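Since the model is a prediction, treat every value here as computed from it, not as a measurement. Each chain gets a letter, A, B and so on, in the order its sequence line appears, and its residues count up from 1. For the numbers below, each heavy atom of this structure counts, side chains included, while hydrogens, waters and symmetry mates do not.
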Amino acid sequence: MTDRSGAANTEPLVQILDDDGVLLEGVEAPNLPDADLVALFDTMVLTRAMDDRMMRLQRQGRLGFYMKSLGEEATHLAVYALREDDWVLPSYREQGAWFWRGYKVSTFVDQMHGNERDPIKGRQMPVHHSAAELNMVSISSPVGTQIPQAVGIAMAMQLAKTDRVALTYFGEGTSSSGDFHVAMNLAGVRKAPVIFFCRNNGWAISVPRSKQSAGASFASRAAGYGMPGVRVDGNDLLAIIQVTREAVARARRGDGPTLIEAVTYRIEGHSSSDDPSVYRDAAEPEAWKKRDPLDRFRNYLTQKGLMTPGLEAQMETKHHDAITAAIAACDHTAAPPVEDLFDEVFEQLPWHLVEQRAQLLAYPRVRSPHKH
Amino acid sequence: MTDRSGAANTEPLVQILDDDGVLLEGVEAPNLPDADLVALFDTMVLTRAMDDRMMRLQRQGRLGFYMKSLGEEATHLAVYALREDDWVLPSYREQGAWFWRGYKVSTFVDQMHGNERDPIKGRQMPVHHSAAELNMVSISSPVGTQIPQAVGIAMAMQLAKTDRVALTYFGEGTSSSGDFHVAMNLAGVRKAPVIFFCRNNGWAISVPRSKQSAGASFASRAAGYGMPGVRVDGNDLLAIIQVTREAVARARRGDGPTLIEAVTYRIEGHSSSDDPSVYRDAAEPEAWKKRDPLDRFRNYLTQKGLMTPGLEAQMETKHHDAITAAIAACDHTAAPPVEDLFDEVFEQLPWHLVEQRAQLLAYPRVRSPHKH
Amino acid sequence: MPTMNIIQAVNDALSIEMRREPKMVLLGEDIGKFGGVFRATSGLFEEFGGDRVIDTPLAEGGIIGAAIGMALYGLRPVPEIQFADFIFPAFDQIVNELAKFRYRSGGQYPCPVVIRTPYGGGIRGGHYHSQSPEALFIHTPGLKVVIPSNPYDAKGLLLSAMRQNDPLLFMEPKRIYRASRGEVPEGDYTVPLGKAKLVREGDQVTLIGYGSMVPILEEAAEKAAADGISVEVIDLRTLLPFDLETLITSIKKTGRGVVVHEAPKTAGFGAELVASICERAMQYLEAPIQRVCGFDIPFPYTLEHEYMPNSDRILSAVHTTLEW
Amino acid sequence: MPTMNIIQAVNDALSIEMRREPKMVLLGEDIGKFGGVFRATSGLFEEFGGDRVIDTPLAEGGIIGAAIGMALYGLRPVPEIQFADFIFPAFDQIVNELAKFRYRSGGQYPCPVVIRTPYGGGIRGGHYHSQSPEALFIHTPGLKVVIPSNPYDAKGLLLSAMRQNDPLLFMEPKRIYRASRGEVPEGDYTVPLGKAKLVREGDQVTLIGYGSMVPILEEAAEKAAADGISVEVIDLRTLLPFDLETLITSIKKTGRGVVVHEAPKTAGFGAELVASICERAMQYLEAPIQRVCGFDIPFPYTLEHEYMPNSDRILSAVHTTLEW
Ligand SMILES: Cc1ncc(C[n+]2csc(CCOP(=O)(O)OP(=O)(O)O)c2C)c(N)n1
Ligand SMILES: Cc1ncc(C[n+]2csc(CCOP(=O)(O)OP(=O)(O)O)c2C)c(N)n1
Ligand SMILES: [Mg+2]
Ligand SMILES: [Mg+2]
């Protein structure tokens, strides 16, 4: 197939569905229960609904910030190939991975608001989730830092003689960071059970893929680290599940890491602060919309008799209702208590934080505590 | 040929001479004037003499530190492929590159002593040369930092529309650093005229090549950055000159960077502070001594009638005499003046350094100024 | 005279210098067509082209490493780090290389790189879009550090910065990037490095700050005036080398001081200011110099207004020093 | 009681804890068969094997990044950075990740990594084998910083460090790695974090320092005694959180202080000590606290003896404060 990432490329791209969601000739679909197929679709519907609603809230000035993932939803569900006891180190654009692993809609919305119920206590910007109970690691803004951390987690799993694996997500822009390299190299040497999942969505804010690297592909980096590199159609959910399953199996067997490059596209702006019309041709996203991962997967499910417009409408209603309720529930929440501002810098408050806390509490509050 | 670097390797290794210095069948030697062939050999003889003498001085407690390059001398002369107006960013183990480009024996020895004549004014440890007049960039100890700097220099050359190139040396251990990656990637994208010269000498202090990277070779990293990667016999001077010439030509043409991996071996300890018997089998260096770059090149020259034992003995005497003289000339040198200690932190002394300088000068000197 | 905000003033300085100095090169993430995430380089790619306004791959170490190489070769690179919070992947290149190049080469290799980076909180940026790491660079011998607080100074200081020959970190107060507006002369002028600015005269307490804290200091001074307290306000502008003379002169007059910065208190630059002043003017001090700083916690999101020094906290420190 | 030097004491602490705590892992460059370039991990690879004593590729960012991951998963990693000068490629992982993990995750992800690294000058190491970057880490909320000055403390503090649950930087004074010898109990004991040590009692001037400066302070105190001056010497041991109480108690007694460190003066940790003491005890001060520090220049090679604070310089500061 032609490579739509814009780069000259001679490496194969793993695909299972064509752009219309029809099984490609001679290709076998990975083995998934029907219920899972529907549930995966459901998660993509939820992801899209959440993105839509959160961006609207942001536009209304009710959220400080948001990042959509329109067109990249299939990549989130690579985590389908994992077990619950495997670990995920996400970047900031894999909402569906959180939902699939059990992160609640209401928790998501609370985190967006940074309110008193936000699991991270309003300490980071929106989209910086953390869920230790789901083995999902706290997101941070500096890109790439999670990649060597994933290797460390995988090395720990190895040392404990478990067959768990760690999967880490990052963008193709992030693969230019030093952290990417040191992580890949260390994982190769230690044969760490880690899956490096590169979402190549063509853009890093305003920097196109062609200015990000002269390599023919990002997957081609893998060879230099002695691990397999796989390019997969990032808008083809089944292909993603298949290659991730293979990588996971390899890691569990003790054969080490894999680099997966999922070729997809960031249809909208980088974040709520971005305006892509300044730097890219509007025709580019239009072309990619024809390869929409939801459309393709919907068509596939429809062919299999697993999806109908009615069923999808029900899903949408269900999710929108849940989101609406979650948003409404944020109307009267308070900000996290100012008393907790100094907690968890350390396990216990050292004297200087005790003192600073007392100082802060002694000042009159500049805003009412429930405004956030 | 079999790869003696210890790694499984399927990539070709460029060679021109066999282990006995005989032209390999079907291979043509690069075109070099006879005088250059002899001069190159002369530089290797000088390098070995200098290493020997400096390490002895160090052992006598007369130098703080030294780093030998025994067995790696051929790699230094990759710079033969450069013009004077090209730039070199060395690491700490390419003595011959300095000599070839005109660095004086006496200056070398002064730098080792950090005395008043040391061009860098006694500010860094031995082997941290700098020679702006030779377009040789100041060496620093943190490994790898010179690699992105080389890309910046190459980008500047490109911008100025010159056909100059920059060549940077680093060890295979250093190729694990983040700086290596960000530099390679940037150079690829900008098609910068830079040659990345990786001396794979099998060891990074005590860490063997097999624990440094799981990649089949270091040259194999190049593909991921969209540039050619070449493996060359690092003990075969002619092969090194040939591949470097090609890389230089490519860069001058505007076709961008090349990664060269020279497969060689660190016969002795990492530095005067090291004791390799703690961590490696003594048989390993023994095996590599059979592929000594000087021996091979001497045999080649001898076959061509360009070298005789007498000629070589003359070279040795000449160099040893020069080194002896340079060492003797250090006997009565002073340390750099304490008055200059605050110079060149900035172009001009700001008030706080004026003040600190005055304070320091007001203290009684703890040592006589000519002790260093 | 046109009215500008700080971003426009920075943009103006950059384009003046790009026209004047053919050796000048800009590089960074998203600085090209996009004109930078804060639009500080807006229009420069169009005017000067992709060879002199370079969008780099996402790697701060590469940006600074390459900028160093360019400077070694004789260019005048002015790299941008998108947020000061993301300067740390380049930290080694900055503190071990950039800061030491001239010195370690015995003067052979000057390295005049001017790094521009927006810093500071108050924009709902949470942990990683709010930090103020100036103290780390002030503590690194070989670097100059400059922080403007208004458009006029931003342009004049940046022009000075780009024309001197030492590595310099130019930190831009992003909280007031757009909010701070003022008259800025067209064309060329410079504001000297190393000189603080007396923003407001007073004789009871000296308030010392820089960058986005300066408007807050002025606000506090107004409030103090309303309480009948006469407060002097000093904007440092250059943090290294800082203008100790102006501080000492003021402290000798007032006998009382409050130092303010957003960065965490402990081992922040405020400590240096206090120590330096005490060293030379302790006998003039009627009370210990107070520090009003960020707390020693990672910069928070929802409660950032609790974290940030504000005029009430400063006022309360003014009272503390007066009542001591 | 056996006599040990600091390296042996560190080695002893590491092996005790490796035996006691199966979750503990060591990682770093050359720490395996070679036992570390200073031999601090000597014998541990042989005893605990390559799964728990891990020689890593040459990449400090990878070492710390992986250590963080291990800690998130529940291990107790104790990475080594070969020289403090080489910690900067890991700076982002340390200040943006390690220091903030517990806080930013709302307490979900504690990150108890203890980073060991030799620091400081006096070993003819020049620019890059001599630096003392403690202030940078003290200024980073979320990190503890500990520096021992003798074998007994080195072992006891390191054992404490490895048993608490916060990220901690354990900086080892390499200048006295072997020179500092003393009796060290066999087996387990701890020295509490956060408590300074009164090394010598006196009532005229308080000398404050840590690490390799402590023997120099003692030397200066001896010289002062010979001049008839009674000097108190305090070894901070923990730099963050530092034991301000002990300092204040001493300053209240002596009324005079000298703070000493190898790191450059400007914005060094000494400034914080001066500022903190002034904040709480200015009324007890008979003279400004003096700072005797490294100069604000990159650490030199040949003239390092001119750079390093020595007992004469300290003595001269003692006289300055007395004669003020
Ligand atoms: C170290 C660092 N540098 C810069 C940034 C600013 N930044 C945030 S996202 C981004 C682009 C990332 O692109 P990519 O990795 O392709 O991920 P995508 O946004 O496309 O999902 C940049 C430059 C950052 N967060 N961290
Ligand atoms: C950033 C950094 N980390 C660690 C060191 C300590 N160190 C000095 S040389 C070296 C090994 C380098 O090996 P390699 O790159 O293979 O070069 P070689 O010594 O073999 O020539 C190490 C770890 C350093 N100088 N810089
Ligand atoms: Mg992207
Ligand atoms: Mg090597």
For the student: nearest non-hydrogen atoms of V182(A) and A59(D), plus distance: CG1-CB, 3.5 Å

So which part of L353(A) gets closer than 4.5 Å to some heavy atom of chain D, the side chain, the backbone, both or neither? neither

Give the member of L27(D), L143(D), I63(D) that has the highest number of heavy-atom pairs under 4.5 Å with chain A. L143(D)

Would you mind telling me which of P148(A), A160(A), P142(A), P350(A) has the largest number of heavy-atom pairs within less than 4.5 Å of chain D? P148(A)

What are the two closest heavy atoms between V345(A) and P141(D), and how far apart are they? CG1-C, 4.2 Å

Heavy-atom distances under 4.5 Å only: say whether M136(A) touches chain D with side chain, backbone, both or neither. backbone

Should M155(A) and I54(D) count as side-chain neighbours, where that means a heavy-atom distance under 4.5 Å? yes

Checking L72(D) against chain A: side chain, backbone, both or neither under 4.5 Å from a heavy atom? both

Looking at P167(D), G107(D), G61(D), which one has more heavy-atom pairs under 4.5 Å with chain A than the rest? G107(D)

What's the shortest heavy-atom distance between V189(A) and P57(D), and which atoms? CG2-CG, 4.2 Å

Residues passing the ring-ring contact (aromatic ring centres under 6.0 Å, His included) test with F83(D), sequence neighbours excluded, are F38(D), F86(D), H129(D)

Do chain A and chain D have donor-acceptor pairs under 3.5 Å, and which are they?
unit_1, atom_1, unit_2, atom_2, d
R123(A), NH1, Y103(D), O, 3.0
S130(A), O, Q108(D), NE2, 3.2
S130(A), OG, Q108(D), OE1, 2.5
A131(A), N, Q108(D), OE1, 3.2
A132(A), N, Q108(D), OE1, 3.1
M136(A), O, Y109(D), OH, 2.8
S138(A), O, R104(D), NH2, 3.0
S138(A), OG, R104(D), NE, 2.6
S140(A), OG, E97(D), OE2, 2.7
T145(A), O, Q93(D), NE2, 3.0
T145(A), OG1, E97(D), OE2, 2.9
Q149(A), NE2, Q93(D), OE1, 3.1
Q149(A), NE2, E97(D), OE1, 2.9
R164(A), NH1, Y73(D), OH, 2.8
D179(A), OD2, Q93(D), NE2, 3.3
R190(A), NH2, G50(D), O, 3.3
L341(A), O, Y103(D), OH, 2.5
E344(A), O, Y103(D), N, 3.3
E347(A), N, D166(D), OD1, 2.9
E347(A), N, D166(D), OD2, 3.3
E347(A), OE1, N165(D), ND2, 3.1
E347(A), OE2, N165(D), ND2, 3.0
W351(A), NE1, F242(D), O, 2.7
E355(A), OE1, R280(D), NH1, 3.0
E355(A), OE1, R280(D), NH2, 2.4
E355(A), OE2, R280(D), NH2, 2.6

